[in-house]
2 protein chains.
Amino acid sequence: MKRPTLEVVAARAGVSKSSVSRVVNGESTVAPEIRDVVMRAVRELGYVPNAAARNLVTRRTDAVAVVVSDPPQGVVSDDPLFATVVRAVSRELEAAGKQVVLMLAESDRSRARVEQYVAGGHVDGVMLIALHGTDPLPAALARTGLPTVSFNRTNAPEVPYVGLDNASGAALAVRHLLERGRRRIAVITGPLELYESRERLDGYRATLRDTGRRSIVALGDFTRVSGAEAMRQLLDDDPALDAVFASNDLMAIGALRTLREAGRRVPEDVAVVGFDDIEAAAYTTPALTSVRSPMADQARATVRLLLGLIEGGPREPVIMPNELVVREST
Amino acid sequence: MKRPTLEVVAARAGVSKSSVSRVVNGESTVAPEIRDVVMRAVRELGYVPNAAARNLVTRRTDAVAVVVSDPPQGVVSDDPLFATVVRAVSRELEAAGKQVVLMLAESDRSRARVEQYVAGGHVDGVMLIALHGTDPLPAALARTGLPTVSFNRTNAPEVPYVGLDNASGAALAVRHLLERGRRRIAVITGPLELYESRERLDGYRATLRDTGRRSIVALGDFTRVSGAEAMRQLLDDDPALDAVFASNDLMAIGALRTLREAGRRVPEDVAVVGFDDIEAAAYTTPALTSVRSPMADQARATVRLLLGLIEGGPREPVIMPNELVVREST
DNA sequence: CTGAAAGCGCTTACAG
DNA sequence: CTGAAAGCGCTTACAG
């Protein structure tokens with residue numbers, strides 16, 4: 001069952017291919033009677049335009065590449081950011097009539113594949129979701145000249161992005177802990193090649209410094225297991241600590257487990273604040289206080305930035321606000 | 001900076017377009033010296049074939065649609081299944097040289113869009129991830145005649161799938177609870193339009209029936225909040241229950257919260273078993289016993305089924321085994 | 001407002 | 001093994 005072409009629609013309707021094309025593309029310069037007869041033929045034949053032929057001549061693809069760039073050591077496969085952001089991005093892109101081509105960039109090979117594909121003109125633009133701080137992809141994509149934006153800031157300053165005010169988010173968390181009377185406040189950082197990890201650490205440091213307190217730092221990588229390990233190390237190094245700020249909720253969840261295993265009560269002995277306010281934060285024991293980052297909104301704003309760019313709009317970065325959600329862990 | 005075409009490569013190399021085409025497509029019937037000169041020209045010019053032109057003549061697309069069909073009432077945006085399965089599917093498809101076109105089917109409009117797109121011959125095949133039991137999409141896709149497979153069984157028997165042995169998974173959970181000496185074992189079901197929800201319920205029922213016990217059933221919809229509510233209801237209806245089998249881990253997490261709020265100790269007063277063994281299961285308080293479903297493996301198997309189908313292979317459904325992972329909650 | 005014709009950049013029989 | 005030519009299914013000036 002071969003698909004009908006413009007030509008057979010034209011024959012059926014008794015008009016030229018040009019007219020059918022105009023009707024199908026909704027041009028206004030078509031006589032009503034022609035439109036009607038063409039519409040009928042289209043319906044009867046079940047005509048769907050051949051995208052390849054159309055793209056070949058128009059040079060538009062109506063597709064956008066969504067590339068998720070993972071760190072070499074891999075990520076948590078169930079990372080809530082992936083689901084939330086990819087879903088929100090797809091929904092918004094589809095609403096704008098764009099096809100979503102999802103690409104994972106995890107290895108040098110797959111990175112090369114992404115570059116090829118993008119340089120090959122298969123898409124109108126690129127939305128980057130970089131879970132990784134040191135990769136050459138953002139700069140490489142920017143070099144292709146194709147409209148490219150990033151969810152969160154990358155290591156390539158020329159790529160416009162929608163980010164968070166991470167430092168003030170962290171400050172929110174630390175000030176809250178101080179107000180609760182906590183005196184020895186530790187931090188568990190994200191991977192430090194990531195811009196948002198560094199900003200969250202800076203916000204923590206600056207806030208403590210302002211009150212004359214010292215920082216207590218353990219390194220994590222945004223996974224639950226790294227949060228659990230960092231917490232263990234913090235407890236060893238400074239058994240008297242009475243609060244911890246984890247740079248994301250997944251690590252806070254890991255820290256909570258370590259604290260429970262160590263017999264520390266939360267929040268009585270140690271208060272815990274996370275970052276992101278993922279859905280799971282409301283279901284931990286005790287429920288987690290967290291700095292909310294509006295991931296879905298941020299994702300939508302990133303799409304709008306990209307669509308604007310494709311239309312020749314401005315490339316101004318956008319910063320989303322965040323707020324503290326207080327629950328039982330502090 | 002216009003991209004170079006076959007024609008300019010041919011001119012540069014001093015050969016015909018046909019020869020360039022053959023070299024680029026790796027045909028073996030090309031003299032080595034021609035191959036070399038063409039390769040050089042390709043490299044120097046940075047030639048990348050125009051996919052639209054190629055598709056137009058070959059009628060292959062080297063793309064696969066991954067359609068995620070959500071229920072009308074929406075889903076948990078951070079559903080770990082989405083991240084795990086979409087990631088695994090993409091990775092596997094990319095390894096096979098297929099482009100991944102991600103499509104969300106959430107409304108009638110987006111469903112129509114998916115059908116159009118698929119019928120429009122933009123892809124070589126379709127991988128369906130249906131989080132929803134009553135939708136017309138599986139049957140509609142099957143009707144297009146395009147190779148279509150589903151992650152988990154759908155309501156359209158003609159769509160081949162890779163599923164789980166849900167009934168025996170549930171039986172594993174219930175037998176384990178019986179062995180632990182539990183006598184009043186409740187179940188929290190998933191949405192009953194979903195095949196796997198019904199199978200898990202059946203497995204629970206059959207196992208209890210075999211030991212002469214009665215079922216205690218509460219309805220959920222696979223979200224945390226529905227698990228929390230179902231647990232509240234179960235506690236009201238049967239305060240003496242001493243175990244609950246939740247049909248997925250998200251609902252088990254919700255149930256855990258309700259039990260804590262109600263002052264029931266887990267597992268001393270009430271034992272809890274989940275299903276799926278998502279990463280979060282190891283981080284609940286107490287850590288959750290769960291029936292592991294090998295989501296990533298299942299995703300990969302589904303991709304292989306699809307690739308086979310595209311090559312004209314068999315359409316036999318595949319059933320993956322599952323096993324019980326015992327932790328602290330039982 | 002409508003139609004005939006050229007052209008987008010490839011691949012693929014076909015002849016040589 | 002190589003090249004000239006036709007053709008894939010559209011859109012888009014251009015003339016009328």
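Below, read A as the first sequence line, B as the second, and so on, with proteins coming before strands; counting in each chain starts at 1. Side chains are part of it too, since the values below use all heavy atoms of this structure and drop only hydrogens, waters and symmetry mates.
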query = Should the pair A/Arg153-A/Glu196 be classified as a salt bridge under the 4.0 Å nitrogen-to-oxygen rule?
reply =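 Judged by the 4.0 Å cut-off on N to carboxylate O distance, A/Arg153 and A/Glu196 do not form a salt bridge.
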
request  = Just call it for A/Thr58: base, sugar-phosphate, or nothing, with non-hydrogen atoms closer than 4.0 Å on any strand.
outcome  =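 Sugar-phosphate, no base atom in range.
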
inquiry  = Counting the atoms with a prime plus P, OP1 and OP2 as sugar-phosphate, which does B/Asn25 contact under 4.0 Å by heavy atoms, base, sugar-phosphate, or nothing?
reply    =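 Counting heavy atoms under 4.0 Å across all strands, the contact made by B/Asn25 is with sugar-phosphate only.
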
So, is [X] close to the [N] phosphate, meaning a side-chain N or O under 4.0 Å from OP1 or OP2?
| X | N | result |
| --- | --- | --- |
| B/Arg35 | D/dC1 | no |
| A/Ser16 | C/dG3 | yes |
| B/Ser19 | D/dG3 | yes |
| B/Ser21 | C/dT11 | yes |

To the nearest Å, how far apart are [X] [atom1] and [N] [atom2]?
| X | N | atom1 | atom2 | answer |
| --- | --- | --- | --- | --- |
| A/Arg54 | D/dT11 | CZ | P | 5 Å |
| B/Lys17 | C/dC8 | NZ | P | 10 Å |
| B/Leu56 | D/dG7 | CG | P | 14 Å |
| A/Asn50 | D/dG7 | CG | P | 18 Å |
| B/Leu6 | C/dC8 | CG | C1' | 13 Å |
| A/Asp62 | D/dC10 | CG | C1' | 14 Å |
| B/Arg22 | D/dA4 | CZ | P | 11 Å |
| B/Glu33 | D/dT2 | CD | C1' | 12 Å |

request  = Could you walk me through whether A/Leu306 and A/Val64 pass the side chain to side chain contact (heavy atoms under 4.5 Å, CB included) test, one step at a time?
outcome  = CA-CA 9 Å; A/Leu306 177 59; A/Val64 163; 3.6 Å; yes

ask   = Paired with D/dG16 by Watson-Crick or G-U wobble geometry, both distances under 3.5 Å: which nucleotide is it?
value =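 For D/dG16, the partner nucleotide comes out as C/dC1, under the 3.5 Å rule.
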
Closest-nucleotide 5' rank along DNA chain C - winner of A/Val57 and B/Ser18 =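 The residue whose closest nucleotide sits nearer the 5' end is A/Val57.
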
key: For A/Val66, the option from A/Leu104, A/Val101, A/Val126, A/Leu93 that meets side chain to side chain contact (heavy atoms under 4.5 Å, CB included)   =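 Going through A/Leu104, A/Val101, A/Val126, A/Leu93 one by one, the side chain to side chain contact (heavy atoms under 4.5 Å, CB included) with A/Val66 is satisfied by A/Leu93 alone.
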
DNA chain D: 5'-proximal contact among B/Ala53 and B/Thr29 (nearest heavy atom) =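 Here B/Thr29 is the residue nearer the 5' end.
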
inquiry  = I'd like to know whether CD of B/Glu158 has more than 12 heavy-atom contacts from other residues, nucleotides or ligands below 6.0 angstrom.
reply    =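 Enclosed.
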
inquiry  = Quick one, B/Thr302 with B/Met127, criterion side chain to side chain contact (heavy atoms under 4.5 Å, CB included). Give me CA distance, side-chain angles, the key distance, then yes/no.
reply    = CA-CA 8 Å; B/Thr302 315; B/Met127 145 91 57; 3.6 Å; yes

